[in-house]
Amino acid sequence: MPLLDAYTVADLLDEIGARLELSGESPFKVRAYQNGAEVLRALKLPLAGLVEDRKLKALPGIGEALAEKISKLHRTGSHPLLERLREEVPDGLLRLVALPGLGPKKALRLREDLGIDDLDALERAIDDGSLAKAKGFSAKAAEKLKHALGFVRASAGRLRLNDADALLSVAAAELRAQPGVTQVWPAGEARRRCETVGELCVVAAADRPERLPAKAGPGERVRVLAVKPGCFGAALLCATGSEKHVAELNARAKKEGLALSEDGLTRKGKAVAAPAEADIYESLGLPYIEPELREGRGELDAKDQKARGKLVADADLKGIVHCHSTYSDGANTLEQMAEAVRAMGLQYFGIADHSKSAGYAGGLKEDRVKRQREEVDALNERYAKEKAPFRVFHGIESDIREDGSLDYDDEVLANFDYVVASVHSRFDLDEAAQTARIVKAISHPATTILGHATGRLLLRREGYKVDLEQVLAACAKHGVAVEVNAHPVRLDLDWRWHARALELGAWLSINPDAHNTEELKLVAYGVAVARKGGVPPDKVLNALDAKAFEKHLLARRKRWKK
DNA sequence: GCCGTTTTCGGCCCGACTGTTTTCAGTCG
C-alpha cells in the first residue's frame with residue numbers, strides 16, 4: 001500500500017466526519033474531523049515526515065485520537081473506524097445530505113421514518129406523496145427537493161475539472177510507464193478546460209497500441225485511446241472535440257478533398273503527413289486553435305480569430321487579490337499568505353477577508369479591520385526595504401446586504417485599498433430583486449470587484465437568479481471588475497459570459513478565493529476558463545503590474561472623494 | 001474529538017432565515 005499524501009488523508013477525514021454526522025455523532029466531534037482535514041490541507045511540510053517523527057500532535061486541532069487516525073490512514077490507506085462507518089452509513093445517505101435544504105438531521109429522519117437512504121427512494125417518496133405527509137416535511141419541501149434532485153441527476157457522473165485532472169494525471173502516469181509508449185495526453189472536456197467533465201479520456205501513442213489497456217486510472221474510469229505515433233495528432237484532435245468543432249473541421253476538410261478521423265488526415269484513403277495537431281490545422285488552412293476554444297462557437301471564423309487576439313496566460317498575472325487569512329476563515333496567517341504569493345514570483349498580494357456580517361466565517365468587526373490594516377502596513381514597510389519589490393493591498397470581501405448596501409460605514413470602507421463585494425445570503429430573492437441588489441452594490445464608489453457573480457457551486461448548487469446582462473453593464477458603467485472566481489467549485493463568472501462582459505466594457509479579475517496557501521495555485525483554473533472565454537491579458541485587472549494596479553485603486557478613491 | 005493558568009469538564013466562530021413540530025429545531029453560509 002502506498003503512503004497517502006496529506007490531501008488524500010484530509011479527504012478521508014472529511015469522509016469520516018460526514019459519516020459520523022450521519023450516525024448521529026456530536027456536531028463538535030464532526031467538526032474536529034473537518035478541522036483536522038483543513039489542518040492537513042494547509043500543511044507546509046510533507047505528511048510522511050510528521051508521521052515518522054510523531055509530530056502530528058504538535059499541530060493545532062490534532063490530538064491523540066486524530067494523530068492515530070491520520071498515521072494509520074497515511075500508512076495503510078484506511079482505518080477500522082472508516083471501514084465500520086462505510087458499512088453502517090450507506091453511500092446513498094451521503095448523497096441525500098448533499099441536497100440543498102436537506103441536512104443530517106432531516107436525512108436521518110428520512111431513514112428512520114420512511115426507510116429512505118438513497119436518491120431513488122427519495123424520488124419515489126416525493127412522487128407518491130408520502131414525503132409531503134412525513135413529519136417535518138411538507139408539499140413545499142417536497143417540491144424543492146424534487147427540483148434539487150433534478151439538478152443532481154443532471155450532474156450525475158460528472159466531475160469538477162480539478163477532480164478530473166487528478167484522475168487523468170494518474171492514468172497518464174500509468175500509461176507513460178508502459179513499454180513502447182511515446183506520447184500520452186489527456187483529451188476530451190478536461191483538455192478543453194470545461195468546468196465539469198463527463199467522459200475521461202487520454203490519448204496514448206505507442207508502437208504496439210493494441211497492447212495498451214482500454215481503461216486506466218483509479219477505478220479504471222479513464223478511457224484510453226491508443227494509436228500509432230503517426231496518428232497521435234489526429235487522434236488527440238478528435239478525442240479532444242468538441243463534437244461540433246471536429247464536425248466543422250471535417251466539413252472544411254471535405255471541401256479540400258480531405259477526410260479527418262482518429263486514424264489521421266487522409267486524401268483518397270492515403271495519409272497526409274500530419275503527425276501533430278498543428279499540422280492538421282495548417283493542412284486545413286487554419287492557425288492552431290487552442291483546445292479551450294474548440295466549442296464550435298465560431299472559432300474557425302477568421303474574423304473571430306482576428307478579433308480575439310492573444311489569450312491571457314498564467315504568466316500574465318502580476319498579483320493575486322482575493323484571499324482569506326486566519327483573520328476570518330482562512331487556515332494561514334496574513335504573512336504566510338503574502339509570503340506564498342511572493343514565492344510564486346508575483347508582485348503583489350491582496351487580502352480580502354470576510355466582512356462583519358459573515359459571522360460564520362469570522363468576519364472582521366471594525367477593531368479587527370484596524371488591526372489587520374496595521375499588520376498590512378508593517379508588512380509593506382518591511383517589503384519596501386527589500387531588493388525585490390512586493391506589495392500587500394488591504395481589501396475586504398464585503399457581504400452585499402439584502403438591501404444592496406455594503407457591510408461597513410463609508411468611513412470604514414474608505415480605509416480599504418479595495419473592496420470585493422459578494423452575495424453570501426438570501427440566494428432566494430427573485431431575479432428583479434437580486435439584480436437590483438447587486439447593481440446597487442456595484443454602484444457604491446468603494447466597490448472595486450464584484451465577487452462570484454452568480455454564487456453557483458458546481459455540481460452542488462445552482463447560482464441565484466440574476467440578470468447578468470444588467471449586472472455586467474453596471475460593472476462596465478461603474479468601472480467595477482467582474483471576478484472570475486478561480487476556485488474549481490465556482491468558476492464564476494461562467495466563461496460563456498466573458499466575451500459579453502468585455503463587449504460591454506467591463507474588466508475581469510481572476511481570483512483564487514484561496515483559504516490557505518495551497519489553494520493559491522487554483523488561480524490557474526480561473527486563467528483556464530478565462531482563456532476559454534476568450535479573455536486577453538489587457539482586460540484582466542490583476543494582470544496589471546503593481547504600480548498600475550495601485551494607480552487604478554487610487555483613481556477610484558479620488559473619484560469617490562470628489 | 002480538541003482544548004485549557006478559568007485544565008481533567010464543559011465549552012466549542014454565530015446570526016439569520018425558514019417552515020411549520022406555532023415556539024424553535026434545522027439548515028445555511
Side-chain angles (χ1 to χ4, degrees), chain A residues 12-14 16-40 56-73 79 81-82 85 96-110 112-113 131-145 148 324-331 353-365 368 397-403 407 422-429 433 451-452 454-457 460-464 485 487 489-490 492 513 515:
Chain A
L12 293 175
L13 289 184
D14 272 334
I16 291 176
R19 289 182 193 268
L20 279 176
E21 192 168 35
L22 285 167
S23 54
E25 261 295 356
S26 143
F28 298 109
K29 191 188 273 196
V30 172
R31 183 172 296 158
Y33 278 90
Q34 293 166 342
N35 182 43
E38 280 311 303
V39 170
L40 288 190
L56 282 170
K57 277 182 69 183
L59 297 170
I62 309 289
E64 191 82 46
L66 272 174
E68 184 268 328
K69 264 138 202 139
I70 293 168
S71 299
K72 191 158 259 177
L73 288 169
H79 190 278
L81 172 66
L82 178 61
L85 286 168
L96 285 180
V97 286
L99 295 173
L102 203 59
K105 296 275 167 59
K106 284 192 161 182
L108 274 178
R109 189 173 231 175
L110 283 180
E112 278 160 25
D113 294 356
L131 186 86
K133 281 185 233 140
K135 209 177 168 191
F137 294 89
S138 63
K140 201 171 167 186
E143 197 187 314
K144 270 192 170 171
L145 282 173
H324 299 265
S325 73
T326 47
Y327 273 90
S328 66
D329 60 348
D353 271 311
H354 286 284
S355 62
K356 64 177 176 183
S357 284
Y360 63 92
L364 275 62
K365 301 255 161 62
R368 302 265 297 155
E397 182 179 19
S398 169
D399 269 29
I400 298 175
R401 292 194 288 228
E402 188 178 347
D403 65 358
D407 208 10
S422 308
V423 166
H424 287 117
S425 60
R426 296 308 311 265
F427 298 149
D428 57 335
L429 296 182
H452 43 74
T454 74
R456 74 177 181 184
L457 297 178
R460 204 154 83 210
R461 181 181 80 198
E462 293 172 280
Y464 28 81
N485 190 299
H487 202 288
V489 170
R490 295 190 183 269
D492 178 16
D513 202 352
H515 284 68

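On a predicted model such as this, the values are computed, not experimentally measured, just so you know. All chains are named by letter (A, B, ...) in the order of the sequence lines, taking the proteins before the strands, and each is independently numbered beginning at 1.
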Return the set of residues passing ring pair (Phe, Tyr, Trp, His ring centres under 6.0 Å) with A:H452 (not counting sequence neighbours), or none when no residue passes. A:H424
Would you mind classifying the nucleic acid contact of A:P27 as base, sugar-phosphate or nothing, using non-hydrogen atoms under 4.0 angstrom? nothing
When we call it a touch if two heavy atoms are under 4.0 Å apart, what does A:L99 touch: a base, just sugar-phosphate, or nothing? sugar-phosphate
Ignoring the backbone of A:H424, work out which of B:dC17, B:dG1, B:dG29 is nearest its side chain. B:dG29
Which nucleotide, B:dC2, B:dC28, B:dT27, lies nearest any side-chain atom of A:A65? B:dC2
Who pairs with B:dG19 - Watson-Crick or G-U, where each distance is under 3.5 Å: B:dC24
Output all residues satisfying side-chain contact (heavy atoms from CB on, under 4.5 Å) with A:E143, sequence neighbours left out; order by chain, then residue number. none
Compare the minimum distances between each of B:dT18, B:dG1, B:dT27 and the side chain of A:K69, then state the nucleotide with the smallest one. B:dG1
Suppose we screen for salt bridge (charged side-chain N to carboxylate O under 4.0 Å, His left out). Which residues come up paired with A:D353, at least two apart in sequence or across chains? none
Between B:dG19, B:dG1, B:dG29, which one does the side chain of A:K29 approach most closely? B:dG1
Touch class at under 4.0 angstrom, heavy-atom based, for A:G63 against every strand present: sugar-phosphate
Closest to the side chain of A:K105, out of B:dG29, B:dT18, B:dT27, is B:dT27
Across all chains, not counting sequence neighbours, the ring pair (Phe, Tyr, Trp, His ring centres under 6.0 Å) partners of A:F427 are A:Y464
In B/S/- notation (B base, S sugar-phosphate only, - none; protein heavy atoms under 4.0 Å), nucleotides 7-15 of chain B written 5' to 3' is -----BBB-
Could I get the full list of side-chain contact (heavy atoms from CB on, under 4.5 Å) partners for A:A67, not counting sequence neighbours? A:L56, A:K57, A:I62
Contact class for A:G101 (heavy atom, under 4.0 Å): base, sugar-phosphate, or nothing? sugar-phosphate
Within the 4.0 Å heavy-atom criterion, would you say A:K57 contacts the bases, only the backbone, or no part of the nucleic acid? nothing
What is the nucleic acid contact for A:E64, judged by heavy atoms within less than 4.0 Å: base, sugar-phosphate only, or nothing? sugar-phosphate
Is any side-chain N or O of A:R426 closer than 4.0 Å to OP1 or OP2 of B:dT18? yes
